[in-house]
There are 2 protein chains.
Amino acid sequence: MKDIKDFLRSNSLRPTKQRVLIAEYLFDGENKHVTAEKLSNELNRRRTGISLATVYNTLHDFYERGLLKKLSLGLDRVYFDTNTDHHHHFYSDKEQLLIDINNKLKVSGLPKLPKNKKTNKIEVIVHLDN
Amino acid sequence: MKDIKDFLRSNSLRPTKQRVLIAEYLFDGENKHVTAEKLSNELNRRRTGISLATVYNTLHDFYERGLLKKLSLGLDRVYFDTNTDHHHHFYSDKEQLLIDINNKLKVSGLPKLPKNKKTNKIEVIVHLDN
DNA sequence: TATCAGTTTAGAATGATTCTAAACTATTGA
DNA sequence: TCAATAGTTTAGAATCATTCTAAACTGATA
């Protein structure tokens, strides 16, 4: 509670009612993959009365502060990941399934980068069937 | 010309005026990464008068027949790749830059798959900065 | 060459996300 | 404690890539 407010303040975010509720849900210790819609549903279930616009704003604010990762899965919707360590994913479009790959997956044999470019990050997506 | 019609026919696609023009552009021997919009612009430049709806339909039809790959880059727009061999990409969101990685890039250390799932494909995206 | 299934198309619809601008609130300093 | 204000929230409109609709068109077949 108090720690959540401090957590937000230490990330240059005013601890508003809405942000506290969202942070409490997202950062409860369990890694989560959320879309704006899924998060909004959960918040409605909890009768928080937080608007969808605020859900979008807050996810974006948290992402900007590095508290969330944004997942590029070529979906329609954007996923935010509370696990901000470098990691990869199993992913099934059909099932809306997203599972962290937290172990020491390695990519080797990369060619040299295009001139004047540097690698930002390497993203591996293991697409699943069935 | 004739070969393009046969090519389309052999893929269960009627060689309509529109499909022939699009296939001629896409499959001219040079690998391409196109979005519906970029392709539509190119076709307008060529005064083909092909509608945007047909561009979408045709890209989809070609994709369904395995003539194009669809790229999952977490963009707003979808990219289609004329290189249908298994390969990976350098990608820069800022610059709308997309470059094939055609060499023997290898991914090792994958954990076992979730139960009852099989790997469809492994996609590696090397995100570039600058 | 008529028939008809397959195609094309303009424009409407969709749906996730962003924008707008007005109301609200946490913070700060007096 | 309070006023001022910068930062937030919100409903609803706007955006934009893509899909849908259903009417007109055309390649293939007999």
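We name chains A, B, ... by the order of the sequence lines, and we start the count at 1 in each one. Note: hydrogens, waters and symmetry copies are ignored here, and every other heavy atom, side chains too, is used.
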- Note on the structure: Separation of D:dG27 atom P from B:R9 atom CZ, nearest Å, is 11 Å

- Rounded to whole Å, the CG-C1' distance (B:L52 to D:dA17) equals 9 Å

- Task: Starting from P on D:dA28, measure out to CZ on B:R19 and report it in whole angstrom.
- Result: 10 Å

- Using a cut-off of less than 4.0 Å, is there contact between a side-chain N or O of B:Y56 and OP1 or OP2 of D:dT19? no

- Item | Side chain B:H60, main chain B:T58, donor-acceptor under 3.5 Å | no

- Message: Heavy-atom nearest nucleotide on DNA chain D for B:H60 versus B:K17: which residue maps closer to 5'?
- Response: B:H60

- Which one of A:F7, A:F80, A:F27 satisfies the ring pair (Phe, Tyr, Trp, His ring centres under 6.0 Å) criterion with A:F62? A:F27

- Query: Can you tell me how far C1' of D:dT18 sits from OH of B:Y79, to the nearest Å?
  - Reply: 16 Å

- Query: How about A:H88 and A:N102: does a side-chain donor come under 3.5 Å of a side-chain acceptor?
  - Reply: no

- Message: So if I take the C1' atoms of five pairs at each end of the helix from C:dT1-D:dA30 to C:dA30-D:dT1 and get each local axis, what angle do the two axes make, rounded to 10 degrees?
- Response: 30°

- Message: Using whole Å, what does the distance between atom C1' of nucleotide D:dA17 and atom CG of B:L59 come to?
- Response: 13 Å

- Query: Closer than 4.0 Å, any side-chain N/O of A:R14 to the OP1 or OP2 of D:dA6?
  - Reply: no

- Take the protein atom CG of B:L21 and the nucleotide atom C1' of D:dG27, then report the distance between them rounded to whole Å. 16 Å

- Across the strands shown, which category fits B:T54 at heavy-atom distances under 4.0 angstrom: base, sugar-phosphate, nothing? base

- Task: Verify, without hydrogens or angle tests, whether B:N11 (side chain) and B:L13 (backbone) share a donor-acceptor contact under 3.5 angstrom.
- Result: no

- Message: Looking at B:D6, is its backbone amide N or carbonyl O close enough to the side chain of B:S10 to form a donor-acceptor pair, meaning the two atoms are under 3.5 Å apart?
- Response: yes

- Message: Reading DNA chain C in the 5' to 3' direction, which nucleotide is the first one with an atom under 4.0 Å from a heavy atom of chain A, and which is the last?
- Response: C:dA16 to C:dT27

- Task: Write down the distance between CG (A:L13) and P (D:dG7), rounded to a whole number of angstrom.
- Result: 12 Å

- Salt-bridge criterion met for B:D85 and B:K69 (N-O under 4.0 Å): no

- Message: Whether A:E42 and A:R46 form a salt bridge (side-chain N of Lys/Arg under 4.0 Å from carboxylate O of Asp/Glu) is what I want to check.
- Response: yes

- Query: If you draw the axis of the six-membered ring of A:Y25, does the NZ or CZ of A:K32 fall within 45° of it and under 6.0 Å from the ring centre?
  - Reply: yes

- Is there a side-chain contact between B:P15 and B:I4 (heavy atoms, below 4.5 Å)? no

- Message: If I take atom CG in residue A:D61 and atom P in nucleotide D:dA6, what distance separates them, rounded to the nearest angstrom?
- Response: 19 Å

